[in-house]
Amino acid sequence: LAGFPHLQILDVADNAISQITDLDRVPYLTWMSLSGNQLTEMPMLRLYFLKTLWMNRNGLTEVNMEDMWLPFLENLSLSDNQITCVKGLA
């Protein structure tokens with residue numbers, strides 16, 4: 001993704017992605033869907049402009065938002081996971 005520094009929308013839904021990194025290389029993302037993959041943990045996100053994040057239908061068991069920086073996040077969808085622990089959403 002480093003070759004697309006001005007990317008604003010990223011939709012990689014319904015693939016077999018088990019890990020995604022280096023999202024800080026696309027700092028202008030406003031909308032992202034990682035739904036329908038094989039992610040078992042939340043990626044570390046520090047995306048100033050991100051407003052919408054979809055992570056439905058993965059294998060998430062824990063959501064830890066404490067170390068993330070998403071000041072403009074408005075929509076977060078985590079449905080159809082196996083989440084038993086949520087941190088940092090208060």
Side-chain angles (χ1 to χ4, degrees):
L1 294 174
F4 304 97
H6 299 286
L7 190 68
Q8 294 182 359
I9 296 173
L10 177 63
D11 186 348
V12 291
D14 299 315
N15 286 285
I17 296 170
S18 60
Q19 184 177 16
I20 189 162
T21 60
D22 297 327
L23 289 170
D24 57 332
R25 294 181 183 223
V26 283
Y28 298 105
L29 281 179
T30 59
W31 189 94
M32 181 166 49
S33 176
L34 301 172
S35 295
N37 283 291
Q38 298 171 3
L39 297 167
T40 57
E41 57 185 42
M42 296 279 293
M44 175 53 67
L45 299 173
R46 300 186 69 70
L47 298 169
Y48 184 80
F49 297 103
L50 192 67
K51 291 184 177 183
T52 301
L53 174 60
W54 294 80
M55 292 197 64
N56 310 349
R57 297 180 278 103
N58 279 286
L60 300 176
T61 57
E62 180 177 310
V63 175
N64 187 349
M65 304 288 287
E66 290 176 339
D67 295 326
M68 295 193 198
W69 187 58
L70 304 166
F72 290 104
L73 189 66
E74 296 175 356
N75 304 295
L76 174 63
S77 183
L78 301 168
S79 64
D80 296 317
N81 283 289
Q82 303 298 318
I83 298 170
T84 59
C85 180
V86 177
K87 299 176 186 175
L89 287 179

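In this chain, numbering begins with 1 at the start of the sequence shown. Computed from heavy atoms alone, side chains included, the values below leave out hydrogens, waters and symmetry copies.
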J.: Test side-chain contact (heavy atoms from CB on, under 4.5 Å) on Val12 and Ile17; report intermediate values, then the result.
T.: CA-CA 8 Å; Val12 291; Ile17 296 170; 3.8 Å; yes

J.: Does one hydrophobic cluster hold both Trp31 and Met68, with members joined at side-chain heavy-atom distances below 4.5 Å?
T.: no

J.: Measure the shortest side-chain to side-chain distance between Leu73 and Leu45 over non-hydrogen atoms and say whether it is less than 4.5 angstrom.
T.: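 SC-SC contact between Leu73 and Leu45 ruled out.
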
J.: Hydrophobic clustering (ILVMFWY, side-chain heavy atoms < 4.5 Å, transitive) - are Met32 and Ile9 grouped together?
T.: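 Shared cluster, no.
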
J.: How close do Val26 and Phe4 get, counting heavy atoms only, and between which atoms?
T.: CG1-O, 3.2 Å

J.: For residues Met65 and Met42, determine if any side-chain heavy atom of one lies less than 4.5 Å from a side-chain heavy atom of the other.
T.: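 Met65 vs Met42: side chains touch.
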
J.: If you look only at pairs with a residue in residues 39-55, which of them pass as a salt bridge (Lys or Arg N to Asp or Glu O under 4.0 Å), with sequence neighbours excluded?
T.: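 Output for this query is empty, none listed.
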
J.: Begin with the C-alpha distance, continue with both residues' side-chain angles, and end with the deciding distance and a verdict on side-chain contact (heavy atoms from CB on, under 4.5 Å) for Thr30 and Leu47.
T.: CA-CA 8 Å; Thr30 59; Leu47 298 169; over 6 Å; no

J.: Find out if a path of hydrophobic residues (ILVMFWY) with successive side-chain heavy-atom gaps under 4.5 Å connects Leu23 to Leu78.
T.: yes

J.: With Phe72, which residues qualify under ring pair (Phe, Tyr, Trp, His ring centres under 6.0 Å), at least two apart?
T.: Tyr48

J.: Linking I/L/V/M/F/W/Y whenever any side-chain heavy atoms sit under 4.5 Å apart, do Leu29 and Leu70 land together?
T.: yes

J.: Please indicate whether Glu66 has more than 12 foreign heavy atoms, meaning atoms of other residues, nucleotides or ligands, lying under 6.0 Å from its CD.
T.: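 Enclosed.
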
J.: Using atom types as modelled, flag every donor-acceptor pair under 3.5 Å from a side chain in residues 54-63 to any protein atom, sequence neighbours excluded.
T.:
unit_1	atom_1	unit_2	atom_2	d
Asn56	OD1	Ser77	OG	2.6
Asn56	ND2	Ser77	OG	3.3
Arg57	NH1	Asp14	OD1	2.8
Asn58	OD1	Asn37	N	3.2
Asn58	OD1	Gln38	N	3.4
Asn58	OD1	Leu39	N	3.1
Asn58	ND2	Leu34	O	3.1
Asn58	ND2	Met55	O	3.2
Asn58	ND2	Asn56	O	3.2

J.: Please collect all ring pair (Phe, Tyr, Trp, His ring centres under 6.0 Å) contacts where either partner lies in residues 5-27, sequence neighbours excluded, each pair once.
T.: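 Matches after skipping sequence neighbours: His6-Tyr28.
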
J.: Looking only at heavy atoms, which two atoms of Ala2 and Pro5 are closest? And how far apart?
T.: O-CD, 3.7 Å

J.: May I have all residue pairs that pass side chain to side chain donor-acceptor pair (under 3.5 Å) and include part of residues 67-76, sequence neighbours excluded?
T.: Thr52-Asn75

J.: Kindly work out whether a path of hydrophobic side-chain contacts (I/L/V/M/F/W/Y, heavy atoms less than 4.5 Å apart) joins Leu76 to Leu50.
T.: yes

